[in-house]
Amino acid sequence: MDAAEFRVKAKEVVDFIADYMETIENRRVSPDVKPGYLINAVPKDAPKDPENFEDLMKDFKEIILPGILHHQHPLFNAYFPLGHSFASVLGTMLSDGIAGISTSWAISPACTELEMVVTDWLGKLVSLPKQFLHEGGEGGGSIQGSGSECIFLALSAAKRHTLQNTVDEAPRLVAYTSCLANVCVQKACSLGSVILRQIEVDENLSLSVKALKRSIMTDKSNGLHPFFVCATVGTTSCCSFDDIYELSEVCDKENVWLHVDAAYAGCALVCPEFHYLIDGKEKISSISFNPHKWLLTTTECAVLWLKNKKPLTDCLGASATYLQHKHQAETTDFR
Ligand SMILES: *Cc1c(COP(=O)(O)O)cnc(C)c1O
């Protein structure tokens with residue numbers, strides 16, 4: 001496909017997307033297909049010669065779309081909403097059109113600086129304290145692909161921070177979360193090779209602070225090292241809220257990293273009347289939520305803010321001659 005053909009076909013695709021959104025309510029919400037339906041409908045081997053665009057679009061409509069759950073359908077009420085807007089699709093087109101990467105500031109300075117600016121904007125919108133903003137100094141936000149990645153990275157930063165500050169040789173690290181926390185906390189602990197305690201909830205379905213304190217005390221007296229608590233603002237199963245203020249007091253006293261997983265409900269913090277849900281935020285270490293769930297961005301956009309970004313950039317900041325540049329001291333390299 002050359003530029004001339006691209007100009008024509010791209011406009012057809014844009015029309016298709018606009019038609020899809022305008023008529024989406026006429027579709028069935030969820031797929032009604034049997035396992036193997038697509039595998040059996042397409043050739044076993046890649047075609048030797050290119051297929052024409054009209055045939056591909058026909059396959060897209062007749063073979064692919066029937067196997068898609070239509071998250072933007074007005075009757076889709078399962079799981080979580082998935083953010084979408086025409087403006088966001090245009091942004092994705094521009095970004096795909098450039099097809100760049102931004103491993104360091106020097107590779108594409110615009111990418112790093114734009115990410116710093118917009119994560120600061122969003123951080124201010126949801127009332128994060130100044131320490132969580134790039135303009136504030138040591139902290140800042142970064143864009144990840146998913147809420148799960150945010151939690152794994154927060155846990156990795158917490159590990160780095162804790163191991164740098166302990167005198168014990170390889171302490172056995174313990175993480176805590178509520179039994180209603182998202183499964184990605186289990187995944188993060190498994191990948192991070194740390195013990196996870198799933199703490200019971202109280203009558204409000206919030207992580208029981210009493211049970212947490214008890215568990216931390218028992219672990220400490222058994223020679224283990226409590227290092228990470230993952231609180232949830234809006235749990236996946238029932239949208240319950242952990243008491244961030246109470247947890248921040250406990251974690252501060254115990255010198256434990258407190259991460260707030262607000263993947264879904266954190267989007268509601270753009271409304272000032274919900275800011276109280278993260279009271280205690282001055283003492284938390286990190287927080288993340290997914291604009292791709294409830295704001296107007298399409299996947300993938302999950303944002304992680306840290307009060308001190310150094311342990312994370314230390315984890316990810318592997319160096320190689322080809323990544324070095326003369327502005328390293330004055331810039332952020334997200335890696
Ligand atoms: C959706 C959700 C996650 C996982 O987010 P992904 O982007 O799917 O990885 C984690 N925690 C909570 C509370 C969620 O709602």
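Counting starts at 1 for both ligands and their atoms, following the listed order.
Taking the six-membered ring for Trp and thresholds of 30 and 60 degrees, Phe228 and His259 have nearly parallel ring planes, at less than 30 degrees apart. In this structure, Phe16 and Phe60 have perpendicular ring planes: the angle between them is above 60°, well past the 30° mark.
Ligand 1 has at least one atom lying under 4.0 Å from a heavy atom of His292. Contact analysis leaves Glu149 out of contact with ligand 1, as no non-hydrogen atom separation drops below 4.0 angstrom. At least one heavy atom of Asp261 lies less than 4.0 angstrom from ligand 1.
Set against the non-hydrogen atoms of Phe80, the atoms of ligand 1 under 4.0 Å away are 1 (C), 15 (O). The atoms of ligand 1 that sit less than 4.0 Å from any heavy atom of Gly147 are 5 (O), 6 (P), 7 (O), 9 (O). Near Asn182, the atoms of ligand 1 lying under 4.0 angstrom from a non-hydrogen atom of the residue are 2 (C), 3 (C), 4 (C), 10 (C), 11 (N), 12 (C), 14 (C). Atoms of ligand 1 lying under 4.0 Å from any heavy atom of Thr236, numbered from 1 in the order shown and given with element: 12 (C), 13 (C), 14 (C), 15 (O). Those atoms of ligand 1 with a heavy atom of Ala263 less than 4.0 angstrom away are 2 (C), 3 (C), 10 (C), 11 (N), 12 (C), 14 (C), 15 (O). Residue contact check: Gly234 has heavy atoms under 4.0 Å from atoms 13 (C) of ligand 1. Against a heavy-atom cut-off of under 4.0 Å, Asn290 is close to the following atoms of ligand 1: 5 (O), 6 (P), 7 (O). The ligand atoms of ligand 1 that sit less than 4.0 angstrom from a heavy atom of Tyr264 are 15 (O).
Here Glu249 pairs with Lys283 in a salt bridge; the nearest charged N to carboxylate O distance falls below 4.0 Å. A salt bridge between Glu282 and Lys307 is absent, with no side-chain N of the basic residue lying under 4.0 Å from a carboxylate O of the acidic one. Salt bridge present: Glu135 and Lys124 bring a charged side-chain N and a carboxylate O closer than 4.0 Å. Electrostatic pairing of Lys9 and Glu54 counts as a salt bridge here, judged by a charged N lying under 4.0 Å from a carboxylate O.
Between Trp294 and Tyr264, the distance from one ring center to the other falls under 6.0 angstrom. Ring centroid separation for the pair His70 and Tyr20 comes in under the 6.0 Å cut-off.
Remark: among candidates Glu300, Lys293, Gln144, the nearest residue to atom 3 (C) of ligand 1 is Lys293, based on non-hydrogen atoms.
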key: Working for salt bridge (Lys or Arg N to Asp or Glu O under 4.0 Å), residues Asp219 and Arg197   = CA-CA 10 Å; Asp219 284 335; Arg197 306 259 184 255; 2.9 Å; yes
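Scanning the protein heavy atoms around atom 9 (O) of ligand 1, the nearest turns out to be Ser148 OG, 2.5 Å.
For Thr235, no heavy-atom contact with ligand 1 is shorter than 4.0 Å.
Atom 6 (P) of ligand 1 lies below 4.0 Å from at least one non-hydrogen atom of the protein.
Considering CG of Leu306 and CD of Glu138, their distance stands at 11.5 Å, rounded to 0.5 Å.
In terms of polar-atom proximity, Cys184 is not counted as a contact of ligand 1, lacking any N or O under 3.5 Å from an N or O of the ligand.
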